[in-house]
Structures are given as C-alpha cells and as structure tokens.
Amino acid sequence: MQKIPAAQTRAVVLTQCNCFFIDSSIKGFFEMAKEDRYKFNEIEKKWQSIWEQDKTFKAVEDKSKPKYYVLDMFPYPSAQGLHVGHPEGYTASDIVARYKRMRGFSVLHPIGWDAFGLPAEQYAIKTGTHPADTTQKNIDNMRRQIKSLGFSYDWDRQVDTTDPNYYKWTQWIFLKFYNSWFDDSENKAKPILQLIEDLEAEKLYVGIDGDIIPTDAEGLQAISGDPVGARKWSELSKEQQREFIDDQRLAYEAEVAVNWCPELGTVLANEEVIGGVSERGGYPVVRRPMRQWMLRITKFADRLLADLEFVDWPTSIKKLQTDWIGRSTGAEVDFQIAGQDEFVRVFTTRPDTLFGATYMVLAPEHPLVDIIATDEQRQAVESYKEQAARKSDLDRTDLAKDKSGVFTGAYAINPVNEKQIPIWISDYVLISYGTGAIMAVPAHDERDYAFAKKFSLDIIQVVKPEDEYLQAKVEAGELCFSDDGIAVNSGRFDGLTTAQFKDEITAWLEDNTKGKLAVNYKLRDWLFSRQRYWGEPFPIIHLEDGERIALDESELPLIPPHVASYKAAGTGESPLANISDWVNVTLPDGRKGKRETNTMPQWAGSCWYYLRYTDAKNNDKPFDKANEDYWLPVDLYIGGAEHAVLHLLYSRFWHKLLYDLGYVSHPEPFKKLVNQGMILGQDGQKMSKSRGNVVNPDEVINNYGADSMRLYEMFMGPLEATKPWSMQGVEGVYRFLNKVWRTIIDEETDQLDSSIKDVEADSDTVRILHQTIKKVSSDIDTFGFNTAISQMMIFINHIAKLEVKPKSVIEQFVLVLSPFAPHVCEELWQRLGHYGSLAYEEWPQHDDELTKETDIELAVQVLGKIKDKIVVSAEATEEQIIEKALASEKVIAAMEGKTPKKVIVIKSRLVNIVI
RNA sequence: GCGAGCGUGGCGGAAUUGGCAGACGCGCAAGAUUUAGGAUCUUGUAUCCUACGGAUAUGGAGGUUCGACUCCUCUCGCUCGCACCA
C-alpha cells in the first residue's frame, strides 16, 4: 500500500472540498511552505506583461530570414476551460517556436478559437443566453489560462471562427466550392463560369448522361455535321442548363438518408442514435432522405491519397486516411434482368469470380427494387424495406451478426454464362458504396457465404486454393475461400491465376460492352449542412421559381439573426427557419425567395484557420497570397490524434480547392504532423468529472508556477505517449527550477550569487556544458523533450557543486533552458546583467570535440560476460586497449588459461574476448 | 473479426539504434542541518544468494550473433483505431 504524499492529499482536498475554512488554511500553509522558494508568481506575471507590451513574439514576414510556422490545433473554448492535455501540445510547440527564433528563424506561432459548437447552443436552449455571449465568456477565460502559461503566441493574429470578420471568409470559400466544378480530364477544380463559357462557345458538349464531352473527342470528329449522342449547350432549355450546371458544382444539394427523429423534430448525428432510438429521450429514429448540402470531396479522393506521400506524418495517421479514402480497383459489370428491359450494375473487386455468382443482392434502397419485385414478393419486399429504414447505419453494421434478406422474385442473367440467378435484397449491401448492388459469390466471400448458408442458396467454387485440405473443404461447400488461387469451373478461363483472370475478364467485359474497369472509394461526399443555429449560415437564397442563387461576395458576411428560441424548428430545419424576417427576402428585381436555413458544421471554420493566421486582419480578402506564400506550408502541426481523419482530411480538401483556384501556392498545408498523447488522471484512468480525477492547470500554476507546469508536461515522457499525471512529478521539476535559481541567485541578498565569476571553466564543466547544448538541441529537433530536461538536470547537479561558477557557462545554460522555462530564464538573464528579453538571443553552439571525454571507461567481457572495467585514454589504439584488457587480473582469471580466439573492440564501449 | 501500437525496478521513464540495462525524476531508507515541521544537502535504493563476491533479470518460449531491451519465429497480456466498403 502506497502512502499518500502530502502534495497529493492537498490536491485532493482542494478539488473535492469547497469548504472555506479548509481551503483558506491550506492556502496559508502553501504560502508558508513556499516562502523560501523562488517567487515564480511575481516573475511570471512580470515577464508575461513585458512580452505583451513589447509584442515580443510578433511574427514578421521577413524575407531575409528563413521562416518557420509552428501550429497548434486551436481549441474549442469550452466552459470547463483548459485541461492538462491542452498545454502538453502547446508547450511542445512553444519550445520549438522559441528555439527556432533563437536559431534565427522568423517564426509564426499563432492561436485562435474554434468557437462554433453545440455546447453553447445547448446552453442557449436551456437559458436563453445568446451563444455569442457564452462563447465570448469562455474565450476570455481560456485566453487568460493560455496566457498564464507564457506561450509565445503572436496575439495580434488570433482568430475566432464565430467572428463575422472570420466567417465572412468561410462563407466566401463556400462560394468558391459552389462556383467551381471538377474537370476530370485535368484532375482539378476550375471556376464554373469557365465551364459555361466553354459550353457556350461549343468547345464542350453535354453527353446523354449529363457528362461533359469535348468537341474534339473521338467519334464526334468522325461524324460530319451535328454531334451524335451529345447536345450543344444552346439546345438545352434554361432549366436543363441550370440543372446541368448544378450537377457540376462542388457544393451541391442532394437528398440524403439521415437519422430523422420525428418526436424530437430533428436530424441526429450517428453518435446520437443508440440502438435505433434517440440518445436523448429514447424516441424512435428512422432513416429518411432529406435535402442536404454536400461537398464533392470524392472528386479529390485520388489526390488526397497520392499526396500523402509528400507529407511527414506518423504512418498510423497516413494509414487511417488511406483506409478512410478506401480506394479499390475492380470492375463494374452489368447484369440483364430476365424478361425485362432493365439491368443491374454491380461493382466487384473480384471479376475473376463471375462464374461463381449464384445470386445477386440489392440494397433495400436501390431504385430498381420496386421495378423488379414480382407481385408475389412485393409484400415481403415492402416490409423488409421498412424494417431496414428503421435501422440506423450503426445498427445495420453493428448488430447484423445474422444476415437478413428477402427474395424479390426477379432473376438476373450472368453475362459470362447466361445463367439465371435470383435477385435478393438485404441490408448487408449498402446503397452508399459502389453501385448499391452486388453479385454474390458465396464460395469466395465471407458475407455472401453466410447469407447463402442461411437461405440455402447455391455455392459454386471457382477459385482453387493450393492447400489440398482447404480445397476439399471449399469444393464441398463447407468453407469460404477468399484468397487468390487458380480458376476452376470458369469455362475457357480455367487454369488462370487470379491476377491473370482479372485482367482477361475485364478486357472481355469491355470488348463485349458488359462492363469496364472501375475504381471505387469508401470516401463519400461530405454532408456539409447541420440544422443548427450556432454555425455559419449558407450564403444561398432559394427563389420561388425554383431557381437558387448564391449571394455575391460583396454581400458577405451573412450574419444569423437574433432569435427568441434556439430550439429546432421541428420540421427538420434549423431554428433560423422560424425567423421569417430573416428567411424571406425580396431581390432588387422583385423576385421573392427564402434564405437557406441550414448552417455549416463545426469543421468548416477549422478547415482554413491556418491560412487566416498568415494575414489575420485583412478586410479585403481571406489572406494575401504573398503572406501565404511566405509562411506556408505549416512546418510543424501539433495536436491530438482524434483529428487524424476528419479535420486533417477536410482541411487538406479545402486546401486543394484553393490550390486549384490559385489562392494558395502549395498543394499540401501541413508538412510535419505530431500527435501528442493523452494525459491520464493520477489513478491511471482517463480524466473525467465523474471519476473526480481531473487535474486543473490553474491549480498547478498557482501552486508551482507556469514554468514548472510546462517543464513537467514535457518531462512526463515521450510527447506521443499516453501517460498518467503525477503531482509528485510536478514537485520534482519544481525542485529542479528552484535549484537552478539558487545556483545563480543568493537567497540572502537576492543578488547574483558571489560564486559566479568571469573565469575560465574547467574541462569537466566545459564538457558537460557542451554535451548539454548538444543534447538539448538535437532533442528539440526530435521532440525528445523529456531527455533534454534530464540532461539539463545532470548539468545543474554538476554546476551546483562548483565553488566558482563561470558566468559564461551559466549564461549559456540559461539560454538553453529558456524555451522550456521562459519566465525564470528571462529573469535570470536580466539578473546576469542583460537588458531586454532573451527571446532573440543566439542559441549556444556546441563544439563536438569538447563533448568528448579524455579518459574512457571500457567494459571488458569474456564470452559476453562483463568481468572487469578498464580506463583508457580517448586516443588509445585498438592494440593498446587489447593489451590493457588482457592484462586485467580478473580477465586472466576468467579466461582460465585459454588463449583468445578473437578479441572484439568497440571503440569507447567495450572489449569482448572470445575464447 | 481486421489493423496499428505497446509490454523494462515500487512509479514516470532512459538506453548513441546490435555493444556496460535501469540515465533523469518520483517514491522510499539512513544521515547532516533545524526547537520542530517544511525546505535544503549527503549517501543508498532491480531481484535473489552462502553477500567487498556471485547468480538472475527488459511479459513468456525458442532462434540468429562474439554480444539481443533492440533483429527473426511462436505465444500471452494491455491500449487505441476500423468494423458487412463487395
């Protein structure tokens, strides 16, 4: 059983007891206990106000210097304020920022507020307080907390996503999406006006399927006169033209299945639906198609995937994004419906198993289901569809351990062998992936196998595994084999390997116009609208005649109106829908319309904030390209791994649009990414209010100071690791800082200690200094902050013992420690006789020669076991080392008179004698 | 189920990437100082044994090597992602 140390007891009392008496007596105790320690409180306040007044950390676009952009993931200003996890990443980035400044870089190190979000809106629903007021209050508190940690942010570049001067430009970027299309032939986004011009000039025609066909395309040229299978722009009606253009936009409206809760009158996110009912209230939730805004991220899938190669990110994050994008190649194959003029298109990654397709499955939502279902089966099909609609996406995946489905009564014809196979519907096929329909090959797909077993459908083997035991099982239909093998039961394709078969069958399908090579992505277009009040309104008006217009850039920002109630409208629309003054608009030309009442999701503001920092106060544009070009890409981005996919993918996506349109000059925004790990409570559990193990940064700063807080956050362990908090650990680094202080400042006189003199340092001291400079520098470069601190502890332990301390050594040490503990170092720097801040002092240089020991202790092993240690000079030759090692009595004894077969000498490490 | 990562003293963690395992800090113990407590300083602190010596130790079992925390194979445990994507 571990004794609870005093510091821990105090912390527990402070957090758990609001009793005035105990609280104040503890405060008194603290003041007394800390009396003879350095006055971190005064020092920290002093330097924070100097930095603020002097704008010490103002970022300057100085072309004569190399630049360095260190970015933190900006926080959501919550009512709870900071938790100890925030300062971890912020301290790491601050150390790097301060270090780079001293290394001569022009540094951009900004902070801001990701301030739209549900909590402020929910608080508004409860209390009627405007979310803007709540948000402002929370920002003020969090800013106070962040400032109290002494981070070297350029506060003049602060951004707040809820500030109209900021979201004006978020809306502006939305208009860029809305007014752009994606040119597949060049794999990039372009202004939609250009497309219209090209169509009007008849450089492009409109294909039958609404696709875009270049006039000089093959096939068109061959035919003289009017193009066949394509229409000129002028041949389309105004409505057709509008529809065509709308279909090309990168921001578009679509009917999308959402989680609709009739009882609550609102749409819910997947996380808000548990077991088919709403998390709040337990009301039924159904899948219902609703009009939503979408962003066409899928057009960028290929580039989002390919460009991951160029960023220096943790491989795990790259892999998450790769999987999320989920690119797979295969074939699309058309199956004719028996006796009807319809066909079903399926996507498969295994076209080589076509001969083994024994049935087909459509997603319940597939448009063909109603058309092909026979009268006998219609009833069953309808009720199954209804059942499926009631399940949320989560249920359909999570709870579907047992497969369900219904036969439609219809049959399809397998294009490779003309066999008729039954068509089923089942919710294991997702409407949102591929074509929403599959060919089922139960012998070679686990899911199809489970389904076929349950409904006693045919299983035909078409791939032969090498392993004979497996082969027997698969042949008997007792096992599903989904790996590659050799083709069987596949007509003239028998004997081919899976890879060969895929190539040949795809070619065959294309030759016979029954299919083609196809690529599919798991990534889906981004559902970009929310039915909320506290978000950026869409700058869009829906006119009575069905036309939809976007506001002009000059009309931005579009500011949401004040509302009486923040509750949802009850119609699936946002609270904005109830404000008729705001919603109903009349255009200058007299036409009437309604404003879009959806708002953008919280992700929107965070998609481009790093760009705004480069030119935060620009009123004419989101940012000047010259500034962007100077600062971007972000050299170091530090934040939590929870944003591995969504935020980091969404902002890359926005960045690529801006890149295509020429607003930014680099294809990727974030060069290097580092994830800080999670900090657990003192009990090793996740911090949570209910467990009562939450550590409040304010409390730590009050008791130990910001420098100790920063130092401890870094000393805990590797930045990326998950690790538990320990108040005793804070005490440890606090002691270290006190030791540094006492080594330099005489406690009695409060003046520079008399042991500090302008003298030459002895060789040991020089060596340790240079080792420290070397280690701290390289550790900052590799984010090994914990080992950097441990080296500085070794330094101070050495220096504290010296009777006379060379001033220059002390000064260099103060500079090296300063990125970690800036306040105390500024103070010491001043007291060492310097004017002004040390923030731009030159970083000390180490001399590699001076880091080396003159005498080296070597371990001497016999057969790998250490028998003795010898001391040799650093210049000793291999022969001299061997001679000395073999002369050792202990070694001679261990060798038992045998002669060495081999002697291995690792310079400055060890000697191993093999006998 | 799939994928990734991690297992080192009482605790957080080091280990120049195959070369003296346990740096540094916490905790603990003894001592100094002190009226006392706190603070500070000094020393010790992986485990075991027949103890100024020796043996065993990096979740476990094998392997490669003169030499393995580090590389390989198997295995156990924990954590975090993803989860019918055809």
Side-chain angles (χ1 to χ4, degrees), chain A residues 2-3 5-7 29 32-37 314-317 319-320 323-324 326-328 330 346-350 353 361 394 396-398 400-401 403 426-430 432-441 444-448 450-451 482 520-524 641-642 644-645 677-678 684 712 715-718 720-733 735-736 738-739 742 747 775 778 784 786-794 797 800-801 857-866 869 900-915:
Chain A
Q2 221 184 332
K3 247 175 73 185
F29 172 73
M32 201 168 58
K34 300 288 154 67
E35 208 171 76
D36 46 357
R37 309 273 195 110
T315 45
S316 61
I317 302 280
K319 191 169 180 306
L320 278 174
D323 290 350
W324 187 265
R327 183 181 201 272
S328 54
V346 302
F347 172 72
T348 176
T349 54
R350 293 294 300 269
T353 60
V361 187
L394 270 178
R396 278 175 65 158
T397 54
D398 209 38
K401 280 161 195 144
K403 298 261 183 293
S426 171
D427 60 10
Y428 86 88
V429 174
L430 308 174
S432 47
Y433 182 78
T435 60
I438 61 153
M439 63 173 204
V441 186
H444 307 290
D445 182 287
E446 295 287 350
R447 298 150 301 182
D448 298 343
F451 192 84
S482 52
N520 251 297
Y521 299 91
K522 279 201 237 177
L523 184 70
R524 295 167 203 172
E642 67 272 22
V645 177
M678 209 196 326
Y712 177 64
F715 189 58
M716 290 173 82
E720 303 89 333
T722 302
K723 50 218 174 261
W725 187 266
S726 155
M727 280 298 176
Q728 291 168 355
V730 184
E731 285 263 3
V733 295
R735 267 178 232 166
F736 163 67
N738 273 291
K739 192 164 187 176
R742 273 198 319 274
E747 286 177 275
K775 178 113 181 93
S778 69
N786 52 336
T787 48
I789 294 167
S790 110
Q791 179 62 39
M792 290 190 280
M793 287 171 168
I794 291 169
N797 287 344
K801 285 177 196 156
E857 194 188 53
L858 296 181
V860 183
Q861 300 179 328
V862 176
L863 286 174
K865 304 250 182 210
I866 293 162
K869 295 191 176 177
K901 275 188 201 150
K902 195 173 163 192
V903 181
I904 294 151
V905 178
I906 306 296
K907 269 260 164 122
S908 79
R909 295 269 156 220
L910 55 68
V911 179
N912 189 10
I913 300 162
V914 185
I915 52 171

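Chain A is the first sequence line, chain B the second, and so forth, proteins listed ahead of strands; every chain is numbered from 1.
You'll find that the side chain of A:Phe347 is closest to B:A86, out of B:C24, B:G81, B:A86. The side chain of A:Asn912 sits closest to B:G67 out of B:A86, B:A23, B:G67. With distances taken from any side-chain atom of A:Pro718 to the nucleotides B:A4, B:C66, B:G13, the minimum falls on B:G13.
For A:Ser328 and A:Lys775, each mapped to the nucleotide of RNA chain B holding its nearest heavy atom, the one lying further toward the 5' end belongs to A:Lys775. The residue among A:Gly717 and A:Met439 whose nearest nucleotide of RNA chain B is located toward the 5' end is A:Gly717.
Straight-line distance between the P atoms of B:A36 and B:C24: roughly 32 Å, to the nearest whole Å. Atom name C1', nucleotides B:A61 and B:U17: the rounded distance is 25 Å, in whole Å. Of the P atoms belonging to B:C11 and B:A46, the separation is 14 Å, rounded to the nearest Å. Nucleotides B:A4 and B:A15 place their P atoms 25 Å apart, quoted to the nearest Å.
Between B:G38 and A:Arg735, no contact under 4.0 Å exists linking OP1 or OP2 to a side-chain N or O.
Remark: the backbone N or O of A:Gly864 is paired with a side-chain donor or acceptor of A:Asn912 at under 3.5 angstrom. In terms of modelled atom types and a separation under 3.5 Å, the side chain of A:Arg350 and the main chain of A:Ser482 share a donor-acceptor contact.
Under 3.5 Å, the side chain of A:Lys869 and the base of B:C20 form at least one donor-acceptor pair of N or O atoms.
When heavy atoms are screened at a 4.0 angstrom cut-off, A:Leu320 is found touching the sugar-phosphate backbone but no base atom. Within the 4.0 angstrom heavy-atom criterion, only backbone atoms of the sugar-phosphate kind lie near A:Ile866; the bases stay farther away.
Under the Watson-Crick or G-U wobble criterion, with both distances below 3.5 Å, B:G27 is paired with B:U45. For B:C20, there is no paired base (Watson-Crick or G-U wobble, both distances below 3.5 Å).
B:G60 has its base anti relative to the sugar, with a glycosidic angle deviating from 0 by more than 90°.
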